[in-house]
Amino acid sequence: MFCEKAIELIRELQRMSDGQLPAFNEDGLRQILQEMESLYEQNQSDVNEAKSDGRAELIPSIKLRHCCLLRNQRCVAAYLYDRLLRIRALRWEYGSVLPANVRFHMCAEELQWFSQYKKSLASFMRSLGADGLDITQDMKPPKSLYIEVRCLKDHGEFEIDDGTVILLKKNSQHFLPRWKCEQLIRQGVLEHVMS
Amino acid sequence: MDTQSYFPVQAGVGMEENFLSLDDILLSHERLPVRTECTFPRLGYLEKSSDAHDIAEGSKMELPLWLSKGLYERKRRVLSVELPKVYREGWRTVFNADPNVVDLHKMGPYYYSLGSQMLHFDSPENPDIAGTLLQTFIGRFRRTMDSSQNAYNEDTSALVERLDSLEKGLFRSGQSGLNGFQSWEKGQATQITASSLVLNYRKRKINDLQP
């Protein structure tokens with residue numbers, strides 16, 4: 001039966017239902033496009049034959065191949081779109097710089113889309129209020145300006161607004177401004193300690 | 001509650017499918033028993049059982065739902081679709097008697113969605129099928145809702161294994177609401193946490209590096 005490769009791509013995404021991005025299946029996509037080309041060519045020749053020799057009984061087969069073409073198109077569109085939704089989630093969870101292992105899983109067009117999305121988001125945030133508002137901060141309602149954090153792994157030196165430099169060593173605890181730490185906590189470098 | 005950033009396209013409701021929904025695409029991959037009402041020249045290779053060049057009229061085949069929907073025409077010149085046995089008279093009386101006893105995961109994980117899609121094929125039993133689907137859902141909903149709201153921090157596999165995929169989705173929403181409420185009660189609602197997506201990527205990276 002046709003469109004088996006297409007459903008495989010969809011299953012690949014469905015397996016990672018938490019929103020992680022698997023590697024871009026360039027091979028799979030190429031196979032689907034090849035299948036679509038061959039279906040289209042068969043249909044073209046059948047249509048010409050049906051029109052010129054008046055063979056109307058070929059029409060059901062033409063319709064079947066056409067259904068397969070539409071199915072492949074649907075699967076490819078859904079595959080690419082769902083990947084973009086996952087990449088968009090990365091901007092909100094990871095921040096604007098993605099780790100290398102995630103970038104390897106994206107194709108060139110997806111990287112381009114990501115940088116354009118970043119730009120749109122940044123210009124939107126700049127347009128809010130007087131000097132802009134970072135809406136990727138404060139994902140949970142803040143209760144205080146400064147928070148207690150513990151370091152989960154060595155992250156090196158960290159500078160805060162008044163110029164002092166803090167050394168983030170594993171298991172060290174610090175009392176830092178919330179807005180500086182939020183990114184690092186979400187990335188798993190620091191841990192928010194509730195007293 | 002962990003903030004969600006990945007919002008996949010939801011499955012369609014009732015007889016509608018959402019074009020870009022991964023769930024709907026997987027649902028429409030399910031196979032249905034079909035009988036052809038006309039010949040399909042030059043496509044004989046799709047039928048594994050025969051070596052014919054064409055698919056003859058009157059052949060019995062199993063076609064996926066997407067193909068059956070695409071080829072089906074009301075005037076019935078092309079295909080006639082048989083109801084899978086879960087939607088037939090026999091099973092319908094079982095569902096009407098006691099919907100809670102049935103293992104819907106085994107009956108095809110997409111019982112409700114596939115049933116709604118079967119309504120496209122103009123079977124004379126459509127009103128009964130639709131009625132049974134609705135009554136089954138109503139009958140089972142109470143138990144799903146109760147268990148999802150009361151199973152906190154425990155292994156839910158026994159509760160979930162007999163649920164259809166729609167019910168599983170409802171169970172998951174219930175659980176996430178319960179967990180959110182509990183964490184609010186404990187005062188953890190303002191604690192900034194590491195993003196679960198980031199942690200999953202890190203787990204996967206460690207697994208990739210291990211030989």
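The chains referred to below are lettered A, B, ... by the order of the sequence lines, with proteins before strands, and numbering in each begins at 1. What you see below is based on every heavy atom in this structure, not just the backbone, and it leaves out hydrogens, waters and symmetry mates.
- Looking at every heavy atom in both residues, Ala189(B) comes nearest to Pro141(A) through O-CD, 4.3 Å.
- By the 4.5 Å heavy-atom criterion applied to side chains, Ile192(B) and Leu190(A) are not counted as neighbours.
- The number of heavy atoms from other shown groups lying within 6.0 Å of CD (Glu26(A)) does not exceed 12.
- Heavy-atom pairs under 4.5 Å with chain B were tallied for Asp46(A), Leu13(A), Val193(A), Ile147(A); the largest tally goes to Asp46(A).
- In this structure, chain A has heavy atoms under 4.5 Å from both the backbone and the side chain of Asp24(B).
- In terms of heavy-atom pairs under 4.5 angstrom with chain A, the leader among Glu17(B), Lys69(B), Arg77(B) is Glu17(B).
- Annotation: side chain of Trp66(B) is in contact with side chain of Cys68(A) (closest heavy-atom distance under 4.5 Å).
- Heavy atoms of Val149(A) lying under 4.5 Å from chain B are absent altogether.
- Put simply, the side chain of Arg74(A) gets close to the backbone of Phe19(B): a donor and an acceptor are under 3.5 Å apart.
- Listed for the Ser61(A) side chain is a donor-acceptor partner under 3.5 Å among the backbone atoms of Pro41(B).
- Here the CG-CD1 distance, from Leu43(B) to Ile62(A), works out to 10.0 Å after rounding to the nearest 0.5 Å.
- Within a 6.0 Å radius of CD in Glu154(B), other residues, nucleotides and ligands contribute more than 12 heavy atoms.
- Arg91(A) does not touch chain B: none of its heavy atoms, backbone or side chain, sits under 4.5 Å away.
- Contact of Lys63(A) with chain B is made through backbone and side chain together, with heavy-atom distances under 4.5 Å.
- In this structure, the portion of Leu63(B) lying under 4.5 Å from any heavy atom of chain A is its side chain and not its backbone.
- Other residues, nucleotides and ligands place more than 12 heavy atoms under 6.0 Å from the CZ atom of Phe175(A).
- Within a 6.0 Å sphere centred on OH of Tyr81(A), heavy atoms belonging to other residues, nucleotides or ligands number 12 at most.
- Proximity to chain B is absent for every atom of Cys181(A), based on heavy atoms less than 4.5 angstrom apart.
- Between Ala78(A) and Ile25(B) the shortest heavy-atom distance is CB-CD1, 3.4 Å.
- Taking 4.5 Å as the limit, every side-chain heavy atom of Leu71(B) sits out of range of all side-chain heavy atoms of Pro60(A).
- No more than 12 heavy atoms of other residues, nucleotides or ligands lie within 6.0 Å of CD in Glu16(B), so this atom counts as exposed by the packing criterion.
- Between Phe2(A) and Leu46(B) the shortest side-chain heavy-atom distance falls below 4.5 Å.
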Task: Step-by-step side chain to side chain contact (heavy atoms under 4.5 Å, CB included) determination, Phe7(B) to Leu85(A) - done: CA-CA 7 Å; Phe7(B) 300 104; Leu85(A) 291 177; 5.9 Å; no
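- Taking a 6.0 Å sphere around CH2 of Trp179(A), one finds it holds more than 12 heavy atoms contributed by other residues, nucleotides or ligands.
- The closest side-chain heavy-atom distance from Ile7(A) to Leu26(B) is below 4.5 Å.
- Screening Lys140(A), Glu191(A), Arg186(A) against Thr193(B) for a side-chain hydrogen bond (donor to acceptor under 3.5 Å, both in side chains) leaves a single residue, Lys140(A).
- For chain A, no part of Thr36(B) is nearby; none of its heavy atoms comes within less than 4.5 Å.
- At a 4.5 Å heavy-atom cutoff, Leu70(A) makes no contact with chain B through either its backbone or its side chain.
- A 6.0 Å sphere centred on OH of Tyr40(A) holds no more than 12 heavy atoms belonging to other residues, nucleotides or ligands.
- Looking at Val78(B), neither its backbone nor its side chain comes within 4.5 Å of chain A, counting heavy atoms on both sides.
- For the pair Pro64(B)/Arg71(A), no side-chain contact is recorded, criterion being any heavy-atom separation below 4.5 Å from C-beta on.
- His192(A) places no side-chain N or O within 3.5 Å of a backbone atom of Gln191(B) that could act as its donor or acceptor partner.
- For chain A, the nearby part of Glu73(B) is the side chain; its heavy atoms alone come within less than 4.5 Å.
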Open item on the list: side chain to side chain contact (heavy atoms under 4.5 Å, CB included) for Arg11(A) and His29(B)? Distances and angles first, verdict last.
Closed with: CA-CA 11 Å; Arg11(A) 286 211 182 101; His29(B) 191 69; 3.4 Å; yes
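- Shown here is Phe124(A), whose CZ atom has no more than 12 heavy atoms of other residues, nucleotides or ligands within 6.0 Å.
- Within the 4.5 Å cutoff, no side-chain heavy atoms of Asp82(A) are placed close to those of Leu20(B).
- When all heavy atoms of Tyr6(B) and Ser17(A) are compared, the pair lying nearest together is CE2-O, 4.0 Å.
- By number of non-hydrogen pairs under 4.5 angstrom with chain B, the leading residue of Arg178(A), His66(A), Arg88(A) is Arg178(A).
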Task: Stepwise side chain to side chain contact (heavy atoms under 4.5 Å, CB included) test for Leu58(A) and Arg42(B) - done: CA-CA 8 Å; Leu58(A) 292 173; Arg42(B) 302 178 183 165; 4.1 Å; yes
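- If you measure heavy-atom distances from Gln183(A) to chain B, you find no contacts under 4.5 Å at all.
- Judged by distance alone, with hydrogens and angles left aside, the side-chain atoms of Gln187(A) form no donor-acceptor pair with the main-chain N or O of Ala194(B) at under 3.5 Å.
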